[in-house]
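Just the heavy atoms: all of them, side chains too, but no hydrogens, waters or symmetry mates, feed the values below. Note on naming: letters A, B, ... go to the chains in the order of the sequence lines (proteins, then strands), and numbering restarts at 1 for each one.
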2 protein chains.
Amino acid sequence: MVWCMDVHDTAAADAPRRARGRPRKPPEARDEGNRRRELVRSAARLFRRRGFAAVSTRDIAAAAGMRSGSPFYHFESKSALLHAVVHEGLEQAVRSQDALLQALPADAPAHARLAALVRHHMQVLFGPEGDFIPVMLYEWRALSPAQRSAIARLKTAYEAPWMPVLQALHAAGLLRTEPRLARLFILGALNWTVQWYRPEGPLPPDALAAQALALFLGPPPPVFLETA
Amino acid sequence: MVWCMDVHDTAAADAPRRARGRPRKPPEARDEGNRRRELVRSAARLFRRRGFAAVSTRDIAAAAGMRSGSPFYHFESKSALLHAVVHEGLEQAVRSQDALLQALPADAPAHARLAALVRHHMQVLFGPEGDFIPVMLYEWRALSPAQRSAIARLKTAYEAPWMPVLQALHAAGLLRTEPRLARLFILGALNWTVQWYRPEGPLPPDALAAQALALFLGPPPPVFLETA
DNA sequence: CCTACCGATCGGTAGG
DNA sequence: CCTACCGATCGGTAGG
């Protein structure tokens, strides 16, 4: 092995350690936990833009202001980084969706509940943390089996609240498709928007959500059916 | 450079060419044009299963029964192979879609036309050539700008016939969403099925298409509106 | 279409 | 968290 320190330079070796190489950041700016978060954020952005396999750990390190080997101080592998992106994004999405449903009036009609779920889903896809879930949607394959099943549990938790809402709409005759299939089609149509929709365009995410809802439920909110 | 032929073995060099290395296939089994097609087919299957970046040109060569360098006899680069997959798949889809529309009665109602388009799209995704279009859908990014715009023209040709149908449904009040958005949502819901649907399961592709149509158009075919 | 090869890059690691 | 490095693999090519 070859080292950059010249082993023949005994004077330097015996002298007190001098600062070598590039200057270190002052300790208060390094802020341990945030370095890891910065890696996850950078990885999410790069994975979304170019895909997992096309992004190198060196790219991620550079985006987070580190050297090539440093991501492996925080994560044991590239795929562990992907797992962190997906896991943290999905955990946050489950949390905010649960909070949303808690905030709805207990007697909110199914139509209003579905509207809230669709609107929230678009916020998850295009909000400030908008890289995390698309990475899950499109880079699923790159996870190991063990990682996949950890994610699958969270995904089930995210999708669960959709079912009673779709079942109620189906029972009321407002949804002609079998609820489980309806959920797959609806989430598919919404997830696909990451391929073509730009939130900075003329149509804001909430308006896009309203258009999607109109496609699935046909006529405008038939309030009369719910409020007897 | 080092060659496998021993240059000191002048006797062998002067002797009439002997068969060296692995045996060649007889000429009639090689069938020039089909080798290229086999590469495209193998590439399509691998790109779909593992993604463009995760598949090596060696993998593709092996799947087509070739050695590592041989794909570059047929294609100038890995991305040219991807382009061939996408281009040939999309060309075929445009052709069969056009044939389908020609075969419909001239007075077929918009509802029936949309049903035919949706059914055909599922056949494109899950039929015998079912790897080609999913590769386009999910590996779009890996194409060069020039390749992308060549594909974009074909994609426009594929999507064009959907618009008059959706506009007619919109005008008839059977579709509550602006037609252009409806097209994006509908094709998105259908394209997403490659993530979860297995055609060898209990629900055949045509039945899946019917369920999707019911979701978008609500009530069963309102024939009375079209047949006066 | 194969053989033999090249330069570049990749994920990951030892040692500090 | 950096430095210096390793073995493996990758896309691609020259020459036949």
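For the pair Lys78(B) NZ and dT13(D) P, the computed distance is 15 Å after rounding to whole Å. Put simply, CG on Leu46(A) is 12 Å from P on dG11(C), counting in whole angstrom units. Nucleotide dG16(D) holds its C1' atom 13 Å from the OH atom of Tyr73(B), rounded to whole Å. When rounded to the nearest whole Å, the span between CZ of Phe72(B) and C1' of dG11(D) equals 5 Å. The distance from atom CG of Leu39(B) to atom C1' of dG12(D) is 15 Å, rounded to the nearest whole Å. Straight-line distance from the CG atom of Leu82(A) to the P atom of dC10(C): 17 Å, rounded to whole Å. One interatomic measurement links the two molecules: CZ of Arg35(B) to P of dC2(C), which rounds to 8 Å at whole-angstrom precision.
Comparing dG12(C), dG12(D), dC2(C) against the side chain of Ser68(B) picks out dG12(D) as the nearest.
Contacts between residues 50-60 of chain A and DNA chain D, defined by a heavy-atom separation below 4.0 Å, involve Arg58(A), listed by number.
With sequence neighbours excluded, the residues forming a ring-ring contact (aromatic ring centres under 6.0 Å, His included) with Phe185(B) are Trp196(A), listed by chain and number.
Smallest separation of non-hydrogen atoms from Gln97(B) and Ala157(B): NE2-O, 4.4 Å. Gln211(A) approaches Glu178(B) most closely through the heavy-atom pair OE1-N, 3.3 Å. Of all non-hydrogen atoms in Gly51(B) and Glu139(B), the two that sit nearest each other are CA-OE2, 3.2 Å.
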Taking only Watson-Crick and G-U wobble pairs with both distances under 3.5 Å, what dot-bracket line describes DNA chain D, where [ ] shows pairs that cross earlier ones and | shows pairs with another strand?
||||||||||||||||
Could you go through the side chain to side chain contact (heavy atoms under 4.5 Å, CB included) check for Val40(B) and Phe132(B) one step at a time?
CA-CA 9 Å; Val40(B) 174; Phe132(B) 290 72; 3.7 Å; yes
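In terms of position along DNA chain C, the nucleotide closest to Gly69(B) lies nearer the 5' end than the nucleotide closest to the other residue of the pair Gly69(B) and Ser77(A).
The shortest distance between side-chain heavy atoms of Lys78(B) and Phe52(B) falls below 4.5 Å.
A donor-acceptor pair is defined here as one N or O able to donate and one able to accept, closer than 3.5 Å; such a pair exists between the side chain of Gln147(A) and the backbone of Ser79(A).
Trp140(A) and Phe47(A) have their aromatic ring centers separated by at least 6.0 angstrom.
A close approach under 4.0 Å does occur between a side-chain nitrogen or oxygen of Arg67(A) and OP1 or OP2 of dT3(D).
With Glu38(A) as the fixed residue, the salt bridge (Lys or Arg N to Asp or Glu O under 4.0 Å) test singles out one of Arg35(A), Arg36(A), Arg41(A): Arg41(A).
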